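Everything on this sheet refers to the single structure shown next.
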Amino acid sequence: MSRPQSLRGRSVVVLHAHPDDEAIFTGVTMRRLADEGARVVLVTATLGDLGETLVPLRPGESLVQRRTAELERAAGLLGVTRLVLLGRRDSGLPGAADNVHPDALAAADAERVARRVAAVAEEESAEALVHDDASGIYGHPDHLASHRIGALAARMAGVTSYQTTVDRDHLHETRPHLVHAAARATALPFGIPAADVELMVAATARELDTKRAAIRAHASQIAADDVAHAAFDEAYGFEWYVRSGPAGILDELGDRGAAELFSAPAPVS
Ligand SMILES: [Zn+2]
């Protein structure tokens, strides 16, 4: 079933800290924007160079090369029309010495990086910028930096900003979600209470399949078991936002997936 391309000619910039954040936190939103004709520009600030790998690398292959390839594959699955890499270094967990490495995203001059992101938004005539919420979703220094940079860039470009977050009440019920392990690693709370969520995008079954495949594309970081469990649909079937500025393009996406996924059998498409 194809949908009318009602967002043709419009564009959105989505800023994330690491490869895999795009799939985990905003995969359904990006896929739906693309399916409805919008240009989706993904800006990824670091290549997650401090992560470890769950899979053997090829001879001569670096983790950054592997993660770049994984990001490109996930971006393709999610309908990204342009991928921009900011080339900052992963900052590591809160308090790590890597936080203050001169190339670390967390140590970057937020205004300077924001000017680059705002320039992308202007080149693309984007009408909205998606970035992390004020607590960095789970407090990771790179996600906090991505919040500062995204909020500044949205102001510079004069566009609505959608802060990606998670509904902690919902995820308390569903478990498990990768954010649980991530928050254990930072030893900080994650997300926001359900009452503070301003916009929810609920996935259709097909969008959720794509989101799972995009998460799985990051095989060096995420084990198959992490997304193969029975509660996957409920844990990953929603994406949550807090908005700054007037209602915009993401508000037009609606939550049409909810009824399909959780109230009725998925239609054959
Ligand atoms: Zn991340």
Side-chain angles (χ1 to χ4, degrees), residues 12-27 30 41-53 62-72 74-75 80 82-121 126 129-157 159 161-166 178-179 181-191 218 220-222 242 244:
V12 179
V13 172
V14 181
L15 170 68
H16 280 293
H18 310 116
D20 74 12
D21 293 323
E22 78 296 332
I24 295 168
F25 297 111
T26 58
M30 293 166 74
V41 179
L42 173 62
V43 180
T44 304
T46 78
L47 288 169
D49 24 346
L50 297 182
E52 290 173 0
T53 181
S62 69
L63 180 61
V64 161
Q65 285 168 336
R66 173 62 68 100
R67 295 202 71 176
T68 304
E70 291 174 345
L71 177 61
E72 287 168 350
V80 168
R82 178 182 170 197
L83 172 62
V84 178
L85 304 178
L86 295 182
R88 301 297 307 193
R89 189 174 189 272
D90 193 329
S91 308
L93 291 172
D98 294 297
N99 291 183
V100 295
H101 187 287
D103 297 332
L105 179 63
D109 176 345
E111 203 165 318
R112 229 176 101 199
V113 184
R115 270 199 294 276
R116 279 185 69 188
V117 177
V120 172
L129 209 155
V130 177
H131 61 81
D132 285 284
D133 73 3
S135 60
I137 307 181
Y138 60 96
H140 190 292
D142 287 329
H143 286 251
L144 288 165
S146 160
H147 169 76
R148 290 193 297 275
I149 292 162
L152 267 171
R155 277 204 295 278
M156 288 172 181
V159 299
S161 89
Y162 289 95
Q163 300 173 37
T164 173
T165 187
V166 295
L178 288 158
V179 80
R184 270 197 303 279
T186 58
L188 291 166
F190 63 84
H218 297 282
S220 75
Q221 305 301 305
I222 298 166
V242 174
S244 303

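Since the structure is predicted, the reported quantities are computational estimates derived from the model, not experimental observations.
In this structure, the side chains of Val80 and Glu72 stay at 4.5 Å or more apart for every pair of heavy atoms. A 4.5 Å side-chain heavy-atom check between Leu42 and Arg82 finds every atom pair outside the cut-off.
With His147 contributing its side chain and Gly136 its backbone, the two residues share no donor-acceptor pair below 3.5 Å. A donor-acceptor pair is defined here as one N or O able to donate and one able to accept, closer than 3.5 Å; no such pair exists between the side chain of Ser161 and the backbone of Ala151.
Remark: the Glu22 side chain and the Thr44 side chain contain no N/O donor-acceptor pair separated by less than 3.5 Å. With hydrogens and angles left out, the side-chain atoms of Ser91 and Asp142 include a donor and acceptor closer than 3.5 Å.
Under the side-chain contact (heavy atoms from CB on, under 4.5 Å) test applied with Leu93, the options Thr186, Leu188, Leu50 reduce to a single match, Thr186.
Take Val159 and apply the side-chain contact (heavy atoms from CB on, under 4.5 Å) test, not counting sequence neighbours, and it matches Leu129, Ala154, Ala157. Residues passing the side-chain contact (heavy atoms from CB on, under 4.5 Å) test with Ser220 are Thr53, Val55, Leu63, Arg66, Arg67, Glu70, sequence neighbours excluded.
For the atom pair Ile137 CD1 and His131 NE2, the distance stands at 11.0 Å (nearest 0.5 Å). Here CG of Asp21 is found 9.0 Å from OG1 of Thr164. Values are rounded to the nearest 0.5 Å. For the atom pair CZ of Arg115 and CD1 of Ile149, the computed distance is 12.0 Å after rounding to the nearest 0.5 Å. Taken from CG in Leu83 to CG in Leu71, the straight-line distance is 5.0 Å, to the nearest 0.5 Å.
Heavy-atom minimum distance, Ala104 versus Asn99: CB-O, 3.7 Å. Closest of all the heavy-atom pairs between His218 and Ala74 is NE2-CB, 3.5 Å.
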